[in-house]
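These notes concern the structure reproduced below.
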Amino acid sequence: MKTDFIPVDYDYFDFQGRNYAKIIGRNSKGKRICIIDSCPVYFWAILKDNLNKKKIDKLLKKIREIKLDVKGRQTKVETAELHEKNYLGKKVKAIKIFATNYKDMHDVADKLGMPEIEKRRGYDLSFITHYIIENKIDPLCWYEISGEVLNNSDEFGGIDTNLDVDFCIKLESAKKIPKTEFNPRVLCYDIETDALEIGKGEILMISLVGENFKKVITWKKTKNPQEYVEYVKDEEELLNKFCEYVKKVSPDFLVGYFSDGFDLPYLKARADKFKIKLKLGLDNSQPKFSRGVNLTGKIKGIVHIDLLKFIRTAYAQYMKSETLSLNEVAKEFLNDTKKPFKIKHSSELKQKDWNEYYEYNLHDSVLTFGLFQKFWPDLLEFTKIIQEPIFNISRFGLSKHIENYILHNLHKFNEIPEKQPTYDEISQRKKIGSVKGAFVYEPTPGLYENLAMFDFTSMHTSIIISMNISKATLLETKQKNSYESPEIEEGNKKVKYYFSKEKGFFPLLLKDIFEKRKEFKAEYKTNPNRMTLARSNAFKVLSASAHGYVGFFGARYYSHEASASILAFVRKFNIETIKKTQKKGFNVIFADTDSVAFTREGKSKKQILEFLKKLNDELPGVMHLELEDFFKRGLWVSTRKGTAGAKKKYAMIDEDNNVKIRGFETVRRDWCQLSRDVQNYVLRQILKDGNEKKSLEYVKKIVKNIKQRKINKQDLIIKTQLKKPLSEYKATTPHVVVAKKMIENKIPISAGTLIKYYVSETKGKSKLVRDKVKLPEEPGEYNIDYYLNRQILPAVENIFQVFGISLKEIMEGKKQTTLGDF
DNA sequence: ATATACACGGATCCCCTATTTCC
DNA sequence: GGAAATAGGGGATCCGTGTA
């Protein structure tokens, strides 16, 4: 039969010793289709370059005869061919060695100890990645396919009979078609339980939300349930009902929030307890979990997506939310929040509470559904660029994304893939140590008027592209007509690295990401909203990670020299821009990595833009400097110790009165809300008025309030994240002490928990903060001295210092009559 | 295990010296 | 008077969280 088809979920199976890809997707009529396809499996043996034809023929013959026994299974090399390939950009002769089964390739590779073979490559990709590269059945792209329909066929061991799809097709041909629209069927879910530890409590209810579908299934009954509530007998039936509804809705994506770490493993654990099967897969299989620290839950045929993971890698860096809790993320992207409901153990809930609980549960899924819709375009975009199944796209980290993007495109360059580093290689790389980073200009503290700020577009990536930097293009020796890095200090020596002018695959590939980044940034500029900003940032992240990837010890294409060179160029271009700006007569206030801010010195905007154009004319390749914005005022302060200007800390106000605050305590979550609010007020007021008068009065008022204990304790809570298991801490910090208290109080904590506490008055004479900390709900009075001198004062002291005001003197000199009201 | 370096700043740790306490 | 305990200064280190 012929149909159109969009691949969504990828899986594979073995049949009669061979590998087959099993791809679940849809056609445009919404029918669910499974296609079964195979591809040749092979890897490469790269030959030493001095071999004559006779030797190679002999070697080929020898390889073709390889037979081996893998755990009792007989297997052999199917065939072997000689090819002209590229490896790390260099021409090589390589033998393509075909194996019967993908799993055998390691063992076959191990048999190739012949001296003629220089390297073995290409046997460490996942089968799915290999398959997609080989047959080009790219995820979430439309195809016109034809093939034989399997209907109760015994081919492949009767695979189609156990599969809940409309058609199971043995693929014969597939052609990509330009169609784009695809509205996936989505079902979001969320569970409520009586204990947080996986499987330790009863599951009380499950909510399900999809397009025109809302349901809360529960066995906890009350009067007058909402119309979306459906009752079941008990927890066991709840689990069955859940599976039933998933089957009925038949979603392409089953989406949760932190569901890899909570909802799905919980459901599985409870099902195990009742000895029932959680038949969620299209083949009625149960969800499978990866081993390791970070659980991932996989359901056959339905893509299980844990939105939290995708948001974390692709967006977290650029989000306002301070935690990635559903509540905060929903607030930022949907302008909606969780329903207010104080969760208690079900035994403590009153009849009337249940309705609220149902609603609360439902709404979590509603939020997840909303978020999925918001992030769907990005998941789609990432999937299309990187060409990995969306299951991986939604979970992998940035280095894997970059790496997969490269692997899926190597064929365009006739390149043999590099292997993953071994454990020893990783240790070696770590030993070399870090490379010198970017340049940060030390600002002179002060309040400045009329500023302009320039920044480079995707600086590192544009440098990689323009100077052709990569592991493969690195030249061993200096050559004429090559790209030459600035001088780099390596140990005590100064060296330069050289890169070929012949375009390498890595820089060429990055261009694609670079251009997408530009496109989405422009989209944001013309249509600024949360979502276009997020998308712009997502590609900013991807683009920015290209350099991080090169310097990442676990990367296939890691290169210390390339990484050092990229950063040397970053410093060079930033410093050059600073110098040119100063030479033009501007006063450079600060610069950090890829940006320069300076006062306009009476120059018109037109003149500034002309200057910018001139700067751009002098930049190589795709490097581009752009105007970030014009600013009415900007404030820089000194560091806490000493008089030097603090780097990475500033506040500016643009001509539409938008305030941009970087690095200040205002934006740091490990300061109490009061400090942050006060500093925020002060910064904004000063930027607006151009002087400190109003803010000083405000601070005095706050100080008075603190002393009179008028401050709400809620505003004094300090939040610090536990970054590792308690046992690994060498220092006994306040948040570690609080974490221990939490354990005593049976509050579950783990690495990642946000620890909350306040500093209280204590009788003891200890000066250590950790001896004064209390849990938010613990009774006690806040420590006036601490909040004055270690929270409020440090947050605003440096700001007033810019105006020559010593807040410390004012605060301590309260007995002076001139400050009687204080 | 899962992108990089630079930077701030709080809190503790640790060593040293001066002062206080105790016998 | 001398030993032990304590206070406090200051740099090193740990730790978390920012900017880019």
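Per chain, numbering begins at 1; letters A, B, ... match sequence-line order.
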Under 4.0 angstrom between A:Tyr786 side-chain N/O and B:dA11 OP1 or OP2: yes
Test item: A:Val435 and A:His560 side chains (from C-beta on) under 4.5 Å apart, heavy atoms: yes
Nucleotide B:dT4, atom C1' - distance to OH of A:Tyr558 in whole Å: 11 Å
Verdict with supporting geometry, A:Tyr650 and A:Leu635, side-chain contact (heavy atoms from CB on, under 4.5 Å): CA-CA 6 Å; A:Tyr650 61 91; A:Leu635 180 77; over 6 Å; no
Residue A:Leu567, side-chain heavy atoms: nucleotide from B:dG9, B:dT12, B:dA5 that is nearest: B:dA5
Whole-Å gap separating P (B:dT2) and CZ (A:Arg312): 11 Å
Touch class at under 4.0 angstrom, heavy-atom based, for A:Ile566 against every strand present: nothing
A:Arg640 vs B:dC8: side-chain N/O to OP1/OP2 distance below 4.0 Å: no
Basic-acidic side-chain contact under 4.0 Å: A:Lys648, A:Asp592: yes
Length of the line joining A:Phe552:CZ and B:dA1:P, which is rounded to integer Å: 11 Å
Heavy-atom protein contacts under 4.0 Å, nucleotides 8-20 of chain C, coded B base, S sugar-phosphate only, - none: S-----SSBBBBB
Polar contact flag, side-chain donor to acceptor under 3.5 angstrom, A:Glu388-A:Thr129: yes
Residue-phosphate contact under 4.0 Å: A:Arg790 side-chain N/O, B:dA11 OP1/OP2: yes
Atom-to-atom span, CG of A:Asn574 to C1' of B:dC6 - whole angstrom: 13 Å
DNA chain B: 5'-proximal contact among A:Tyr549 and A:Phe439 (nearest heavy atom): A:Tyr549
SB check A:Glu487 A:Arg571 (cutoff 4.0 Å): no
Touch class at under 4.0 angstrom, heavy-atom based, for A:Gly554 against every strand present: nothing
Separation of atom NZ in A:Lys772 from atom C1' in B:dA11, rounded to whole Å: 13 Å
Candidates B:dT4, B:dC6, B:dA3 - which lies nearest the side chain of A:Phe553: B:dT4
Sugar-phosphate, base or nothing in reach of A:Gly437, heavy atoms under 4.0 Å: sugar-phosphate
Carboxylate-amine/guanidinium contact A:Glu381 A:Lys516, below 4.0 Å: yes
Sugar-phosphate only, base, or nothing, as touched by A:Val541 at under 4.0 Å among non-hydrogen atoms: nothing
Rounded distance in Å - CZ (A:Arg571) to P (B:dC6): 8 Å
Ring centers of A:Phe590, A:Phe598 separated by less than 6.0 Å: no
Nearest-angstrom distance from the residue atom NE2 of A:His547 to P of B:dA3: 14 Å
Lys/Arg-Asp/Glu bridge criterion (N-O < 4.0 Å) met for A:Lys521, A:Glu626: yes
Nearest to side-chain heavy atoms of A:Arg770, which nucleotide of B:dC13, B:dA5, B:dA7: B:dC13
Between B:dT2 (C1') and A:Asn404 (CG): distance, integer Å: 12 Å
Among B:dC13, B:dA3, B:dC6, the one nearest A:Thr732 by side-chain distance: B:dC13
